[in-house]
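One-based numbering, in listed order, for ligands and for the atoms of each.
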Amino acid sequence: MKTEFDLHTLVRANVAAMQPYSSARDEFKDFDQEMIFLDANENPFDTSFNRYPDPKQRDLKTLITETEKLDKAQLFLGNGSDEVLDLLFRAFCNPGKDNVLIVPPTYGMYKVLAQTNDIGIKEVPLDLDFQVQTAKVLEAVDAQTKLIFICSPNNPTGNSIARDKIEKLLANFNGLVIVDEAYVDFTDTQSWSQRLKDFPNLVVVKTMSKAYGLAGLRLGMCWASSEIVAILNKIKPPYNVNVLTQQQTLARYAKKQEVAEEIANIKMQRATLAASLKECSFVSQVFPSEANFILARVDDANMRYQQLIEKGIVIRNRSTQTLCENTLRFTVGTPEENNKLITALDSLV
Ligand SMILES: *Cc1c(COP(=O)(O)O)cnc(C)c1O
């Protein structure tokens, strides 16, 4: 039953009461001036990395908010989205008491993080079209349900979750709805971050690991109300985004055109790969994808997986996941890699 959404009752009491760690770099804010820094016990000799990173990641946030046309106070950056997701658990879910709701088949980290934090898990499977069963989700939540995780486009199925279904959850659930948009750049739809002003309980998680090609650097983020972002800032490790990550992400952002071309290329390759998969005799179903991977149902997933390994190609067997019996997930590679994959698939008997 929907009452008013109230962030103050949602945040854990210990988090609401605590003071954040105040780092040397927090206490002295004027980075830009020429100062002698003898406040953080750093080695004074230049190694390019002898100084601690900016704990507030100001330059990076300025650039990211300019492109998204949102406010810096609505943006939180973390060491990969895995850290962002973990901090959401630690801010809002009481161990041993609260629960979260997931809609399998979906990204595995939600469950792992719930288990790590000793948080209960409610599962309401997607329907046969891999869409959220909103009525069942809203029936399943209880007073201890703090977070609902929706991955859109969903991993491993590749489809986007219908906007009206997400909107229904946002309007009728008193906890936070986390929309994980790791693959949104491969779609033709707008990010949910543009709807923040309508929903105080919306958290949109993104990552530099997929479309931006920076998985090795570990930069994740979320867009949310400034109140939610302030809570996450309070509990984050002070230097969670390192100097190299901040520098290299800035450099990558400066090459927006290159990123856009790679995304366009991947989307074209996705269509080619889907068409080839449909031609394979042992493939019974190719699920429509708005992401940079394709899920397909085959005759014998374990056997096909092994056969491709023998040909030097590693894909992901998703057969153990809810509704995913005998399915394989293919990441879209370079045109050369995809050609090799298609040749290998054609040679399998
Ligand atoms: C790959 C992926 C991520 C990325 O996680 P990072 O920690 O940012 O690398 C997040 N969510 C989903 C659903 C993913 O598939």
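The closest protein non-hydrogen atom to atom 4 (C) of ligand 1 is S81 OG, 3.4 Å. At the shortest separation from atom 9 (O) of ligand 1 among protein heavy atoms lies S209 OG, 2.6 Å. For atom 3 (C) of ligand 1, the nearest protein heavy atom (residue, atom name, distance) is K210 NZ, 3.4 Å. Of all protein heavy atoms, the one closest to atom 7 (O) of ligand 1 is R218 NH2, 2.6 Å.
A215 does not count as a contact of ligand 1, since none of its heavy atoms falls under 4.0 Å from the ligand.
For ligand 1, the atoms sitting less than 4.0 Å from at least one non-hydrogen atom of Y183 are 1 (C), 14 (C), 15 (O), numbered in the order shown with element in parentheses.
Note: F293 and F330 fail the aromatic proximity criterion, with ring centroids not under 6.0 Å apart.
The salt bridge (charged side-chain N to carboxylate O under 4.0 Å, His left out) search around E262 returns R252, not counting sequence neighbours.
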Show the atom names and distances, to 0.1 Å, of all donor-acceptor pairs under 3.5 Å that link a side chain in residues 341-349 to residues at least two apart or in another chain.
{"from": "T343", "atom 1": "OG1", "to": "N339", "atom 2": "O", "distance (Å)": "2.8"}
{"from": "S347", "atom 1": "OG", "to": "K311", "atom 2": "NZ", "distance (Å)": "3.4"}
{"from": "S347", "atom 1": "OG", "to": "A344", "atom 2": "O", "distance (Å)": "2.7"}

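Under 4.0 Å is where a charged nitrogen must lie from a carboxylate oxygen, and between E68 and K206 at least one such pair does. Salt bridge annotation for D142-K122: present, with a cationic side-chain nitrogen under 4.0 angstrom from a carboxylate oxygen.
Seen from the ring of F37, R51 does not count as a face-on cation partner, given the 6.0 Å and 45° thresholds.
Polar contact check, D180 against ligand 1: a nitrogen or oxygen pair lies under 3.5 Å apart.
Looking at E83 against ligand 1, nothing comes within 4.0 Å, counting heavy atoms. If you look at M109 next to ligand 1, there are no close heavy atoms at all, none under 4.0 Å.
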